[in-house]
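Have a look at the structure below, then the notes.
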Amino acid sequence: MKRSLIYGLMTLTCFANSACNKSELQTTSGSQEKAAGSAIATAPEKMAVQKLIAVVNGENITEEDIKPLLDAGIEKAIALDRYINKIVAAQSAEKQFKADALQTMKSVERDVLSQLYLQKTSQRIERQISEADLKGYYEKNVKIEDFQQYNVSYYLTQDKADAETVSREAQEGSREVLARFKPIKDGADKYVFLKDMPYGLGQVIRPMKANTFSKPIALRNGFFVLHIAGIKEGKRPELASVITEIKNILMTERVTQQLEQQRSAAKIELK
């Protein structure tokens, strides 16, 4: 199975996980929330009416504001007191350090809105993923080879001609040449999964059979010749056991695709 997604926006993966929830967007200070408030208020979905529990210099505090503290096990009175202190400090920063405060609020606004976009988009896309989508990805990408283990050894040289000679003589059955190979994994159990192979060698090993040698492979460290001494058969997992992982992969792919499309349509000027 694909264990990672090669996209420039992979730092956004968290938000493709359906476990992300709205409490993650509620940890900024009251002042910071005000900065993002006008933009968030334009969201097409109506926000639920929240119970007002305090007002500090005209700024409202609702039960939803202190919910992260309550969820952490803090008593309501203490949570409210802490939140009031946070708002007082934030309001003081706005008055005493106006330029810095404006820059900070602008940065927070972008962070909050980008998180909101990713969260809402992920939730919408998750609802659109069908059983056929999940099964199709499973059949195409979940291969038994990914669950097999390989006993791999290697020969490394800086000389391409030497590597070609070793590869040829090893395939001819030279015991002397075979003794020059070193195991990829030390220890008694020398078997490894393809995903754990260094330098992306798993893709080279995948089609190889037991007791075979590779042709020279040029990598940054030199020229490698690989030997597959043995293969432990693996078992392909049932769809039900990997369905959450597949769903998260599909969500990440589709969120990334949509964001890339919107970026392509955006007017961007580098100066």
Side-chain angles (χ1 to χ4, degrees), residues 1-14 16-17 134-254 256-257 260:
M1 174 181 293
K2 296 179 181 177
R3 297 296 176 180
S4 61
L5 298 172
I6 307 176
Y7 293 92
L9 301 172
M10 282 306 93
T11 54
L12 308 181
T13 301
C14 164
N17 192 320
L134 296 169
K135 186 175 181 180
Y137 184 95
Y138 173 82
E139 295 296 339
K140 181 179 179 180
N141 297 283
V142 183
K143 304 296 184 182
I144 191 170
E145 292 88 346
D146 293 319
F147 301 91
Q148 293 178 159
Q149 296 183 65
Y150 296 76
N151 183 345
V152 185
S153 57
Y154 69 95
Y155 175 77
L156 173 63
T157 178
Q158 302 301 313
D159 186 344
K160 182 179 179 180
D162 179 40
E164 290 173 342
T165 299
V166 167
S167 176
R168 183 183 67 256
E169 292 183 356
Q171 293 181 59
E172 292 172 352
S174 172
R175 292 177 178 270
E176 181 181 349
V177 169
L178 183 58
R180 297 163 67 182
F181 282 71
K182 298 179 180 180
I184 287 281
K185 180 183 178 183
D186 294 325
D189 183 3
K190 301 185 184 303
Y191 285 84
V192 295
F193 291 102
L194 291 182
K195 66 182 180 65
D196 297 325
M197 293 296 301
Y199 308 120
L201 290 173
Q203 296 305 312
V204 177
I205 295 171
R206 183 186 295 272
M208 294 180 67
K209 306 298 183 182
N211 300 314
T212 59
F213 297 84
S214 73
K215 293 182 178 180
I217 305 163
L219 297 174
R220 65 174 180 267
N221 291 351
F223 294 91
F224 283 79
V225 179
L226 302 177
H227 173 221
I228 309 302
I231 300 174
K232 283 184 180 179
E233 293 299 324
K235 182 180 179 181
R236 188 189 194 198
E238 298 294 331
L239 173 60
S241 67
V242 294
I243 199 166
T244 298
E245 184 178 357
I246 293 175
K247 182 178 290 186
N248 288 339
I249 290 172
L250 290 176
M251 282 194 295
T252 302
E253 287 180 343
R254 295 179 185 185
T256 301
Q257 289 169 359
E260 286 176 342

note = Here the pair of heavy atoms bringing Leu201 nearest to Leu219 is CD2-CD1, 3.9 Å

query = CG of Leu250 to CD of Glu245: how many Å apart, nearest 0.5 Å?
reply = 11.0 Å

query = What pairs with Glu169 under side-chain hydrogen bond (donor to acceptor under 3.5 Å, both in side chains), at least two apart in sequence or on another chain?
reply = none

ask   = Taking His227 as the fixed residue, which of Val166, Leu178, Val152 is the one that meets the side-chain contact (heavy atoms from CB on, under 4.5 Å) rule?
value = Leu178

ask   = Is Gln149 reaching over with its side chain to a backbone N or O of Leu194, donor-acceptor style, under 3.5 angstrom?
value = no

task = Kindly give the heavy-atom pair with the smallest separation between Ile184 and Pro198, and that separation in Å.
result = CG2-CD, 4.3 Å

Partners passing side-chain hydrogen bond (donor to acceptor under 3.5 Å, both in side chains) against Asp159 (at least two apart in sequence or in another chain) = none

key: Contact summary for Ala229 and Asn211, nearest pair of heavy atoms   = O-OD1, 3.4 Å

Glu139, CD atom: more than 12 neighbouring heavy atoms under 6.0 Å = yes

note = Output for pair (Met208 CE, Phe213 CZ), nearest 0.5 Å, gives 8.5 Å

query = For Gln148, what residues pass the side-chain hydrogen bond (donor to acceptor under 3.5 Å, both in side chains) criterion, not counting sequence neighbours?
reply = Tyr150

task = Report yes if the side chains of Tyr155 and Asp162 come closer than 4.5 Å at any heavy-atom pair, otherwise no.
result = yes

inquiry  = Could you tell me if Arg236 sits above the aromatic ring of Tyr138, with its cationic atom closer than 6.0 Å to the ring centre and no more than 45 degrees from the axis?
reply    = yes

task = Identify, with sequence neighbours excluded, every residue that meets side-chain hydrogen bond (donor to acceptor under 3.5 Å, both in side chains) alongside Ser167.
result = Gln171

note = Heavy-atom nearest pair, Leu239 first then Leu134, reads CD1-O, 4.1 Å

Nearest non-hydrogen partners of Ala163 and Val225, listed with the distance = O-CG2, 3.5 Å

request  = Indicate yes or no: at least one non-hydrogen side-chain atom of Glu164 is less than 4.5 angstrom from one of Phe223.
outcome  = no

remark   = CD1 (Ile144) and CD (Glu233) are apart, to the nearest 0.5 Å, by 6.0 Å

Partners passing ring pair (Phe, Tyr, Trp, His ring centres under 6.0 Å) against Tyr191 (at least two apart in sequence or in another chain) = none

request  = Return the minimal non-hydrogen interatomic distance between Ile231 and Ala210, and the atom names on each side.
outcome  = CD1-N, 3.7 Å

ask   = Taking atom CD1 of Ile249 and atom OH of Tyr137, what is their separation to the nearest 0.5 Å?
value = 3.5 Å

message = Applying ring pair (Phe, Tyr, Trp, His ring centres under 6.0 Å), can you list everything that pairs with Tyr154, at least two apart in sequence or on another chain?
response = Phe224

ask   = Side-chain contact, heavy-atom cut-off 4.5 Å: Glu253 with Thr256?
value = no

key: Pair Arg206-Asp146, salt bridge (Lys or Arg N to Asp or Glu O under 4.0 Å): steps then yes or no   = CA-CA 8 Å; Arg206 183 186 295 272; Asp146 293 319; 2.9 Å; yes

Met197 vs Val192, side-chain contact (heavy atoms from CB on, under 4.5 Å): CA-CA, chis, key distance, verdict = CA-CA 7 Å; Met197 293 296 301; Val192 295; 3.3 Å; yes

